[in-house]
Student: 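Quick one: the structure is below, questions incoming.
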Amino acid sequence: MINAFARQAEQAGFGEIMSPIFEDIGVFKRLGESTDVVTKEMFDFFDKGDPPQHLALRPELTASVCRAFAEHRPTPAWKVWYEGPQFRYEQPQAGRYRQFTQVGVETLGTDDPQADVDTVVLGWRFYQSLGLREVTLLINSLGDANCRPAYLAALQAYLSSNALGLSPQSQATLERNPLRVLDSKRPEDEAVIAGAPLMVDFLSDETAEHFAAVRAGLDQLGIPYELSPRLVRGLDYYTRTTFEFAAEALTSAQNAVGGGGRYDGLVEALGGPPTPGIGFALGVDRILLACDAEGVFADEESTVKVFVVDVTETNEALRICEELRAAGLGADRAYDGRSMKAQMKVADRSGARFAVIVGDDELAAGEVTVRDLRGDGGQQRVPNHQLVATIAQAVGSVT
Ligand code: HAM
């Protein structure tokens with residue numbers, strides 16, 4: 001999956017960046033002091049220096065890419081892609097892990113809306129190329145430093161005057177970050193959230209124009225999307241275009257298989273020159289879950305073709321496995337002289353196409369019974385010396 005992503009990113013002009021697994025914690029603090037990712041989920045530690053340096057395992061890569069840009073000052077537009085493990089001390093559950101893998105891209109140094117479209121489309125095409133058909137693209141604009149404050153003030157005022165209708169958790173969030181209240185999935189919060197003011201009604205002319213150009217680009221390329229005016233993201237650095245990819249086949253709350261947007265102030269916050277940026281990260285673990293849920297991958301053919309079931313308490317299983325393996329045919333067996341029924345169960349689970357059964361009858365006759373574990377479930381007796389040829393022919397005809 002990572003190779004497939006790499007190919008598509010390179011085709012679109014992105015070069016690979018490999019950034020460190022851990023960095024000075026200050027880099028990641030720029031993700032926003034009011035986000036869970038920074039306040040609760042960072043794996044942080046002190047090194048052995050004197051004085052010790054406070055470090056953290058990376059929870060994502062956008063901040064590292066912006067740090068690298070601020071440090072090395074490459075020529076814009078700088079287009080990079082990445083892959084690798086990220087770490088967040090979250091409550092583990094289906095699709096939410098403390099170590100997970102992301103692939104992603106970032107474009108720094110342009111705020112051309114066509115860069116936004118290019119970015120979103122790259123993500124969209126990747127899901128399509130994997131064969132996923134039930135991924136929905138949600139987009140929104142979160143405004144910029146000029147128009148967001150008026151919106152935040154309106155939102156804060158509205159939520160504060162309706163605070164009694166909110167869950168205790170959302171009341172606490174409201175104090176720290178009113179925007180994040182919109183992200184609550186708690187049913188108690190639904191009614192208040194439904195009536196909350198929307199960022200789209202507060203966009204400046206310039207920001208609204210930018211968002212319109214992004215939508216027009218997506219329309220022109222025929223990329224389906226849903227406007228999602230309450231979409232907010234878990235990280236604080238976003239400005240203007242924001243988007244998420246939701247896998248409808250995943251029933252869990254964790255159905256976001258990717259997300260991203262603009263972060264026009266992040267490079268500056270990390271000590272670089274004012275530099276706009278846009279990108280996304282896709283969650284490889286969740287994409288694999290979505291692929292399974294949609295049945296995208298064909299069942300893998302097992303390397304073990306034959307499972308030998310031997311109830312004679314002799315060395316027959318040993319001999320037969322060796323003979324088949326020497327002929328290049330995958331073979332496995334059970335140990336410990338287990339019952340026929342127990343061995344057949346293991347044979348069924350093994351993924352092997354055929355069971356080769358040796359009982360006292362077969363042993364006396366110098367034969368084995370070959371049973372088709374799938375197909376019609378038929379079986380036949382085969383003399384020992386014809387077993388390899390029989391299996392080779394059968395496997396050839398079923399693969
Ligand atoms: P994010 O939304 O925090 O954004 O993560 C992106 C994706 O990573 C999510 O949609 C999800 O698929 C996956 N993911 C996140 N946390 C976990 C977890 N605990 N377990 C499994 N998968 C997870 C970012 O990380 C931003 N850096 C994206 C970005 C790039 N924005 C601009 N450029």
Side-chain angles (χ1 to χ4, degrees), residues 1-2 5-6 9 14-49 52-74 78-93 95-108 119 122-123 126 180 233-239 242 244-245 254 256-272 275 277-288:
M1 182 171 288
I2 289 170
F5 181 80
F14 292 84
E16 184 174 13
I17 180 167
M18 294 179 182
S19 78
I21 299 278
F22 59 85
E23 301 223 26
D24 190 284
I25 196 166
V27 172
F28 304 121
K29 288 230 163 120
R30 301 301 188 287
L31 301 176
E33 294 282 5
S34 58
T35 64
D36 284 356
V37 171
V38 170
T39 53
K40 297 189 197 148
E41 297 171 1
M42 207 93 89
F43 281 91
D44 62 319
F45 60 99
F46 289 90
D47 71 8
K48 296 186 192 332
Q53 196 183 347
H54 197 178
L55 303 167
L57 298 186
R58 62 186 189 201
E60 59 108 61
L61 272 164
T62 311
S64 295
V65 169
C66 290
R67 190 267 309 140
F69 184 90
E71 196 174 334
H72 303 292
R73 307 287 169 103
W78 194 46
K79 293 170 67 174
V80 292
W81 73 269
Y82 50 72
E83 55 88 11
Q86 319 298 327
F87 306 86
R88 296 183 193 176
Y89 194 79
E90 306 211 55
Q91 212 45 53
Q93 48 194 289
R96 189 179 290 284
Y97 313 113
R98 289 180 175 168
Q99 176 176 341
F100 56 97
T101 299
Q102 285 183 341
V103 292
V105 294
E106 312 288 351
T107 300
L108 276 81
T119 300
L122 183 66
F126 180 59
R180 297 284 309 150
R233 310 249 314 117
L235 302 161
D236 266 0
Y237 50 59
Y238 290 106
T239 54
T242 47
E244 219 158 73
F245 296 101
Q254 273 58 250
V257 285
R262 285 210 154 269
Y263 42 87
D264 293 341
L266 189 55
V267 173
E268 205 175 351
L270 284 159
T275 309
I278 172 131
F280 64 63
L282 315 181
V284 171
D285 312 74
R286 285 190 201 167
I287 297 174
L288 287 169

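Counting begins at 1 with the first residue of the sequence. Keep in mind that this is a model prediction, so the values were computed, not measured.
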Student: Any idea which heavy atoms bring A56 and M42 closest together, and the distance?
Tutor: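 In this case the closest contact between A56 and M42 is CB-CG, 3.6 Å.
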
Student: For E268, enumerate each residue passing the side chain to side chain donor-acceptor pair (under 3.5 Å) test, keeping only those at least two apart in sequence or located in another chain.
Tutor: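 For E268, no residue satisfies side chain to side chain donor-acceptor pair (under 3.5 Å) once neighbours in sequence are set aside.
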
Student: Considering residues at least two apart in sequence or located in another chain, which fulfil the salt bridge (Lys or Arg N to Asp or Glu O under 4.0 Å) criterion with E16?
Tutor: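 With neighbours one apart ignored, the set is empty.
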
Student: Does a side-chain heavy-atom distance below 4.5 Å link S19 with V65?
Tutor: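 Not in contact.
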
Student: Strictly distance-based, threshold 3.5 Å: is any side-chain N or O of R88 a donor or acceptor partner for the main-chain N or O of P59?
Tutor: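 Yes, R88 side chain to P59 backbone: donor-acceptor pair under 3.5 Å.
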
Student: Could I get the full list of salt bridge (Lys or Arg N to Asp or Glu O under 4.0 Å) partners for R262, not counting sequence neighbours?
Tutor: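 Checked R262 against salt bridge (Lys or Arg N to Asp or Glu O under 4.0 Å); matches are D116, D264.
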
Student: Tell me, please, which residues at least two apart from Q91 pass side chain to side chain donor-acceptor pair (under 3.5 Å).
Tutor: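 Side chain to side chain donor-acceptor pair (under 3.5 Å) check on Q91 returns nothing, list empty.
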
Student: Working note: L235 + Y263, criterion side chain to side chain contact (heavy atoms under 4.5 Å, CB included); need CA distance, chi angles, decisive distance, verdict.
Tutor: CA-CA 10 Å; L235 302 161; Y263 42 87; over 6 Å; no

Student: Spell out, as yes or no, whether a donor-acceptor pair under 3.5 Å connects the side chain of D47 to the backbone of Q53.
Tutor: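 Here the side-chain-to-backbone pair exists.
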
Student: Using a 4.5 Å cut-off on heavy atoms from C-beta on, say whether the side chain of T275 contacts that of W78.
Tutor: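 No. Closest side-chain heavy atoms not under 4.5 Å.
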
Student: Verify side chain to side chain contact (heavy atoms under 4.5 Å, CB included) between Q102 and E83, making sure each step is shown before the conclusion.
Tutor: CA-CA 6 Å; Q102 285 183 341; E83 55 88 11; over 6 Å; no

Student: Taking all non-hydrogen atoms of both residues into account, name the closest pair between S64 and E23 and its distance.
Tutor: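 What the structure gives for the nearest pair is OG-OE2, 2.8 Å.
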
Student: If we count only N and O atoms by modelled type, under 3.5 Å, do the side chains of H54 and D44 hold a donor and an acceptor together?
Tutor: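 Result is yes, a qualifying pair exists.
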
Student: What distance do M1 atom CE and I287 atom CD1 have between them, rounded to the nearest 0.5 Å?
Tutor: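 Output value for this atom pair is 5.5 Å.
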
Student: Are a donor atom and an acceptor atom from the side chains of Q86 and Q99 found within less than 3.5 Å of each other?
Tutor: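 There is no such pair between these side chains.
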
Student: Could you tell me whether a side-chain N or O of R58 sits under 3.5 Å from a main-chain N or O of F22, the two making a donor and an acceptor?
Tutor: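 Judged by distance alone, no pair lies under 3.5 Å.
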
Student: Is there a side-chain contact between F28 and V37 in this structure, where contact means two heavy atoms from C-beta onward sitting under 4.5 Å apart?
Tutor: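 Sidechains of V37 and F28: no contact.
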
Student: If only atom types and distance count, is the side chain of R286 paired as donor or acceptor with the main-chain N or O of A256 below 3.5 Å?
Tutor: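 Yes; at least one donor-acceptor contact below 3.5 Å.
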
Student: With side chains defined as the heavy atoms from C-beta onward, is the minimum distance between V267 and L108 less than 4.5 Å?
Tutor: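 V267 vs L108: side chains touch.
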
Student: Do you know which two heavy atoms are closest between I17 and Y82, and how far apart they sit?
Tutor: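 So the minimum-distance heavy-atom pair works out to O-CB, 3.7 Å.
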
Student: What's the spacing between L270 CG and F69 CZ if we round to 0.5 Å?
Tutor: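 These two atoms lie 11.5 Å from each other.
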
Student: Are Y89 and F43 an aromatic pair, judged by ring center distance below 6.0 Å?
Tutor: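 Aromatic pair counts; centres sit under 6.0 Å.
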
Student: Would you say the side chain of I21 lies within less than 4.5 Å of the side chain of L57, judging by non-hydrogen atoms?
Tutor: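 Yes, side chains in contact.
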
Student: Are side-chain heavy atoms of L122 and F14 found at a separation under 4.5 Å?
Tutor: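 Yes, side chains in contact.
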
Student: Tell me, do L31 and D236 make a side-chain contact under 4.5 Å, heavy atoms counted?
Tutor: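 Contact flag for L31/D236 side chains = no.
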
Student: Is the shortest side-chain N to carboxylate O distance from R98 to E90 below 4.0 Å?
Tutor: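 Looking at E90 together with R98, the answer is no, because their closest N to O distance does not fall below 4.0 Å.
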
Student: Is there side-chain contact between V103 and W81, with heavy atoms separated by less than 4.5 Å?
Tutor: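 Heavy-atom side-chain distance check fails, nothing below 4.5 Å.
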
Student: Walk me through whether T119 and V105 qualify under side chain to side chain contact (heavy atoms under 4.5 Å, CB included).
Tutor: CA-CA 8 Å; T119 300; V105 294; 4.2 Å; yes

Student: Taking only residues two or more places apart in sequence, or in another chain, which ones meet T62 in a side chain to side chain donor-acceptor pair (under 3.5 Å)?
Tutor: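 With neighbours one apart ignored, the set is E60, E106, Y237.
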
Student: Mind checking what makes side chain to side chain donor-acceptor pair (under 3.5 Å) contact with E41, not counting sequence neighbours?
Tutor: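 E41: no side chain to side chain donor-acceptor pair (under 3.5 Å) contacts found.
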
